[in-house]
Asker: 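Quick one: structure below, then a few questions.
This is a predicted model, so every value here is computed, not measured. Labels below follow one simple rule: chain letters A, B, ... track the order of the sequence lines, proteins then strands, and each chain is numbered from 1.
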Amino acid sequence: MLIRVDPASPIPLFDQLAASVRAEVVRGAVAAGERLPSARELAGSLELNVHTVLHAYQVLRDEGLIDLRRGRGAVVTDRARDYAELAAMLPALVAEAKRLELSPAALAAMIREAY
Amino acid sequence: MNDYTPAERLRIVVIGAVAPIVIAAVGIAIMLSWSAELPDPLAIHWNGSGEPDGFGSLTGLALMIGGIAAGFGVIVTLATLFQSAGVYTRTLLGSSVWLSTLITVGVVGSVYLQIGLADARDVGDGAGIGFWLIAGTVGGLLLAVPAALLAPRAPLVADDEAATPALGLAKQERAVWSRSTAPQSWLFAALFGGIFLLLGGVSLALAASGEPYWSTLLVAVLLLPVAVGSSFWRVRVSSAGFTVRSLLGLPRFTVPIDQIESARVTQVSPLGDFGGWGVRWGSKGRIGVVVRSGEALEVSRKHGRTIVVTVEDAESAAALINGFRERTATVGA
């Protein structure tokens with residue numbers, strides 16, 4: 001699993017972290033049942049506060065993508081499989097947004113509006 | 001990985017399986033030709049002080065020789081063919097010939113000592129047996145070395161895999177890649193199943209014959225962590241460098257990022273490139289953490305040996321390592 005965060009980006013770090021995990025699930029690099037690195041370990045490698053990582057993990061748990069259990073850490077749920085279909089629709093969406101020269105933020109805003 | 005030509009395949013089958021079976025068959029034929037002059041039962045096992053303490057039939061011995069020679073020969077030959085066995089082809093095929101010769105000469109020799117005896121207990125001390133075992137070992141080598149040299153040279157590992165393109169990292173971007181690696185499940189089942197069937201069988205056999213069996217159980221208890229420790233690993237790439245660590249914490253291999261020359265994805269055949277599974281010395285002087293076949297991350301060090309770890313998504317790991325290397329180089333310039 002490849003996790004990337006950029007402190008120079010305006011997007012909050014916990015949000016970037018959650019997005020990174022989501023992207024890896026969609027890419028199939030993390031399968032259902034797999035355990036994510038512990039919050040402390042991830043915070044250490046990424047030079048982040050542990051609370052930032054925990055915040056990201058909580059976002060993913062609320063989304064139903066991971067299970068947080070004491071002693072077992074963060075485990076990817078079966079929901080990971082359901083993301084594939086959604087992910088398959090994204091390239092078309094992004095391609096169209098690029099054709100219209102929309103920024104990622106503008107596309108995100110449009111999706112938010114549509115909800 | 002390259003493949004063998006049909007002619008090379010034929011040679012592998014002849015040397016690895018046919019030759020050992022022929023050697024065993026000749027031995028069995030010689031042994032059977034003596035059957036009229038042999039005691040029944042025969043002595044088939046000697047204790048530490050050279051007294052015969054196990055007895056069996058001629059047929060049983062013939063089956064044993066044939067079974068070991070054919071079983072080992074077929075397994076080695078199949079493994080060599082299916083794994084495109086690379087650098088270990090010759091060793092494996094030679095060992096098949098050697099084992100067959102040792103077993104055949106050792107057993108046929110022990111039977112030869114009993115020609116003309118009315119009772120196998122009179123066979124006397126183990127000195128004669130020792131001679132035949134040494135003869136088998138040496139004779140085996142005399143046959144195995146030429147056999148190994150006749151075996152096809154290892155197909156050269158295709159070395160056209162270039163360093164993986166670096167992942168583009170922003171100036172302040174932080175990244176980490178982490179993945180656990182374990183044997184493909186069938187291999188895992190075979191490994192553990194094999195170990196515990198063997199130990200269980202030995203324990204049962206010992207218990208049945210009234211001998212102490214706790215030592216086998218002790219071996220099982222000691223072997224379990226070794227098996228687990230060399231099967232399950234976590235691989236990590238961070239700005240600090242590359243680490244591969246056993247589930248048990250040890251052993252572990254770490255390469256700081258500034259000691260890494262480059263990283264790339266490669267394909268590994270465990271038997272062919274490393275002669276088996278676990279932590280191994282492999283072809284081209286590489287150290288391998290080899291738990292599965294296929295995709296592997298190869299990390300070349302500036303000083304010291306290259307490390308290869310079989311792990312899925314090695315592409316991302318190699319790209320990240322090269323990304324960190326590239327960024328450090330740019331910042332330094």
Asker: Relative to chain B, which segment of A/Leu36 carries a heavy atom at a distance below 4.5 Å: side chain, backbone, both, or neither?
Answerer: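 No part of A/Leu36 comes within 4.5 Å of chain B.
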Asker: For A/Arg22, does the CZ atom sit with more than 12 other heavy atoms under 6.0 Å from it, leaving out its own atoms?
Answerer: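 Yes, enclosed.
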Asker: Can you name the nearest heavy-atom pair linking B/Val176 to A/Ser45, along with the distance?
Answerer: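 So the minimum-distance heavy-atom pair works out to CG2-CB, 3.6 Å.
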Asker: Can you tell me how far the CZ atom of B/Arg236 sits from the CG atom of A/Leu42, to the nearest 0.5 Å?
Answerer: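 Taking CZ in B/Arg236 and CG in A/Leu42, the distance rounds to 8.5 Å.
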Asker: So which of B/Ser239, B/Ser178, B/Ala319 has the biggest tally of heavy-atom pairs under 4.5 Å with chain A?
Answerer: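 The answer is B/Ser178.
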Asker: Which one wins on heavy-atom pair count under 4.5 Å against chain A: B/Gln172, B/Glu312, B/Glu173, B/Arg179?
Answerer: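 Option with the top pair count is B/Glu173.
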